[in-house]
Amino acid sequence: MKSKNHTTSLSLWAGVSTEDWYNWKWQYNNRIRTITQLVRVLSETPATLEEWRTVARSYPFSITPFYFSLMNTADEKDPVRLQCFPDQKEDNFLPGSVADPLEEERDMPVPGLVHRYPDRCVAIITNICATYCRHCNRKRMWKRDRMEYNKGYLRRMIDYVSKTLYIREVIVSGGDPLTMGEGALEWFLKSLRSISHIDVLRIGSRIPVVMPMRITRQVCSMLRKYRPLWFNTQFNHPREITPEAARACEMLLEAGIPVSNQSVLLRGVNDNYETMRDLLYGLQRISVRPYYLFQCDTVRGADHFRADIGSGIEIMEKLWRNISGLCIPQYVFDVPGGRGKIPLYPLSLFPVKSLETDEHFFDKRGEVN
Ligand code: SF4
């Protein structure tokens, strides 16, 4: 059974067997990566075709058939489509938006390893993702040569970590680490785990959302060996919480790997209280811990996604007023220039006057009155 959420015509994949559809290699090999493929799958030529071509030259795109199946392609405001279709707005930069807003490249003692906070570092082990999120703060890396991310490159990171005794946690990131073959990923995790001062490993991956069939039993048993290992993913909209995504998260949890979520506040996707509430309730239902809600970085090519902080604060106020604390992420702003994250707390900035309850919603559910 395919996800019940899809509303688009899947005619291009009508003949695909269930076995293939649920095979991550099939999903990966059949990603939509060119405008020609995109037009074919849309079965009509969009008016914005030339703009898409131009944008795709600066920022390539890639969409798994699974993620594609979650959207209503005819709706330009569809929250899934907004996150993965090229958009001419990506080429319109605001002053102040830059390719590397967190200045990660500055804080790399060896290529690909960001060491900013003393006790932890981020290892960018690939630049490949199953689906490229248009709001990504590392979109500057999408066009780099894959050959950069070879074993020599990974070995330099391991050497640095092994010589830097005060690092106790490594965040394995990308790109998406789960687009790598299991052998290479395991070699990297095993090498890190063999370093005596490393306590914790963390993986940042959007795979449970965009290609959940990649979370196989084999992957879970491999990851399990390197615990304590934490898994951070990125659901941004309730529609992304599909049965397949829920199953992927469940498998990780069953393997003893805690799963947390880091959403990004995205204009037009989730920048309203109702959507955020439903997303957080959905995450709680699948036992994924809401961890961060990020203010969208000042990354070049994502200006159109950035909601203002005031509206983020308003959403957080209303969440605090209405929903269980277990569902509430920390709203944070990563200060441009790599100066670190600061939490944004509603009650410390605004007086009680703007606290609103969500009685309409709870009335409908019969939970109050
Ligand atoms: S999966 Fe992560 S690294 Fe890849 S495009 Fe999306 S946000 Fe960026």
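We count ligands from 1, going down the list as the structure has it; atoms in each ligand are counted the same way. Start at 1 with the first residue, then count along the sequence.
- Taking every non-hydrogen atom of Arg206 and a distance limit under 4.0 Å, the qualifying atoms of ligand 1 come out as 1 (S).
- Aromatic ring centres of Tyr166 and His197: separated by at least 6.0 Å.
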Set out, in order, the CA-CA distance, both residues' side-chain angles and the distance that settles ring-ring contact (aromatic ring centres under 6.0 Å, His included) for Phe68 and Trp13, then state yes or no. CA-CA 11 Å; Phe68 193 94; Trp13 300 301; 5.6 Å; yes
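- Salt-bridge annotation for Arg138 and Asp100: absent, with no side-chain N of the basic residue lying under 4.0 Å from a carboxylate O of the acidic one.
- Atom 4 (Fe) of ligand 1 is flagged as protein-proximal [any protein heavy atom, distance under 4.0 Å].
- The side-chain heavy atoms of Asp176 and Thr126, taken from C-beta on, include no pair separated by under 4.5 Å.
- Checking Cys136 against atom 8 (Fe) of ligand 1, an N/O/S atom falls under the 2.8 Å cut-off.
- Assignment of Gln234 to the shell around ligand 1 is supported, since a heavy atom sits closer than 4.0 Å.
- Interface of Cys129 with ligand 1, defined as ligand atoms under 4.0 Å from a residue heavy atom, comprises 1 (S), 3 (S), 4 (Fe), 5 (S).
- At a cut-off of 2.8 Å, Cys133 is not counted among the residues with an N, O or S atom near atom 4 (Fe) of ligand 1.
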Just do the salt bridge (Lys or Arg N to Asp or Glu O under 4.0 Å) check on Arg300 and Glu90 with the steps written out, would you? CA-CA 8 Å; Arg300 184 169 288 178; Glu90 290 173 72; over 6 Å; no
